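See structure below.
These values consider heavy atoms only, across backbone and side chains, with no hydrogens, waters or symmetry-generated copies. First listed ligand is number 1; within each ligand, the first listed atom is number 1. Remember, it's a predicted structure, so these values are computed and weren't measured experimentally.
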Amino acid sequence: MKNCCRLNEISWDAFAAMDVMAKAPYLSQDGREYHVLVAQQFTRARLEALGTLATRIRRIAKEEDGMTFLRGLLNNHRAMLYFSQPSSRTFLSFCAACQILGMEIGEVRDTATSSEFKGESQEDSVRTFSSYFDLIIMRSQIGGLAERMAWLLSNTERPVPIINAGSGKDQHPTQALLDIYTLQRSFERRGSIDGKTIVFVGDLARGRTVRSLAWLLTNYRDMTLLFVAPKELQIGPDILAMLDAARVKYELMGDFRKAIPMGDAIYMTRIQDEWDSDAGESRRIDTSQYNFTVDHLRHLKPEAVIMHPFPRRQEIAVGVDDDPRAVYWRQMRNGMWVRTALIASIFGKDTLINDQKPWST
Ligand code: NCD
């Protein structure tokens, strides 16, 4: 069996029953992520290393010979993008990241066009992908599916890394990585992420980006997290228990206007009504006060940033886009760089990038 990570040392039942923190050591190889499944597997040191690598790649990519160098790094590898849930940014930024590193890509974006339509199991589909590709990047509405597939592949003759690009309502670890990279970049002139107040707004009950980012923020000191939402859409008790255990300060709030001047970052989210039942329960909730308007800019700290994982609807008025504190377009592009860094690191190319002479000053 090919060497992958320690997932082939444990039964699925034992792994599935583990606390999420205990799972982390099974997902890495040689001190780097192999499978990327949950936010909990990233330490602060890894977040810093990935941020530094992303910045380095960003600079190298500005030069023509730099791009040639990057494209040569993984041009003997192929990546499969298996997205059974809609996506624009995550899908395209992963495509771009693979292209930057010279990888060819394959895709299934609609299982009505694959053999799943004929009744093939997801297990057999993913095992099929691993026969042709060296990396599987997957998004699914089924929470925990990426984890199951990672275990499955790790116990075959052809293990390949799995990156979770969004699973159910639960986890979106690479979105959290790009959010952290955006915060690192936004605050670098004022120190670091430590000591900042992050305001989360919108559908916090079903937004997987908020859940993964809240976890990553426990890696920083003296943080304050403010969760601002109508009570039906407030953050889940499991996240609050995790923050309690990590001794992170937080407050649940209903009044968005009151929270705005307190934030160093305002993280807006959309109402995730695709999770509603046919009755459309979230459409009956009044969310009108949870929109960031041009008028709100006056109340925002001069150095604060406004973020959003996108897509947006009306949560941020288009008129806000021109304010220098609106960083969501940059945040989106950061996703391409940090995903490039992550893939390069999974395949052990990080040292080569960091050591590359012409761009090392
Ligand atoms: C998010 C997602 O799909 O979880 N988008 C993204 O990946 N950038 C959030 C959303 O769809 O609202």
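- At a cut-off of 3.5 Å, with distance as the only test, no side-chain donor of Asp295 or Thr293 sits close to an acceptor on the other residue.
- Annotation: atom 10 (C) of ligand 1 to nearest protein heavy atom, Arg270 NH2, 3.3 Å.
- For Arg139, a nitrogen or oxygen atom sits less than 3.5 Å from a nitrogen or oxygen atom of ligand 1, counting backbone and side chain alike.
- Closest to atom 5 (N) of ligand 1 among all protein heavy atoms lies Phe310 O, 3.0 Å.
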>> Set out, in order, the CA-CA distance, both residues' side-chain angles and the distance that settles side-chain contact (heavy atoms from CB on, under 4.5 Å) for Glu116 and Val108, then state yes or no.
In response: CA-CA 10 Å; Glu116 276 184 49; Val108 166; 6.0 Å; no
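- Taking 4.0 Å as the cut-off, Gly166 does not count as a neighbour of ligand 1 on heavy-atom distance.
- Ring geometry for Trp12 versus Phe15: interplanar angle of 30 to 60°, hence tilted.
- Using a 4.5 Å heavy-atom threshold, the side chains of Val36 and Asn164 count as separate.
- Closest to atom 8 (N) of ligand 1 among all protein heavy atoms lies Pro309 O, 2.9 Å.
- Inclusion of Arg208 in the set of residues having an N or O under 3.5 Å from an N or O of ligand 1 is warranted.
- When only modelled atom types and interatomic distance are considered, Ser345 and Arg32 share no side-chain donor-acceptor pair under 3.5 Å.
- Gln171 pairs with exactly one of Arg208, Gln40, Arg211 by the side chain to side chain donor-acceptor pair (under 3.5 Å) rule, that one being Gln40.
- Neither the backbone nor the side chain of Gln85 has a heavy atom within less than 4.0 Å of ligand 1.
- Distances from atom 7 (O) of ligand 1 to the heavy atoms of Gln331, His172, His308, Glu274 show the closest one on His172.
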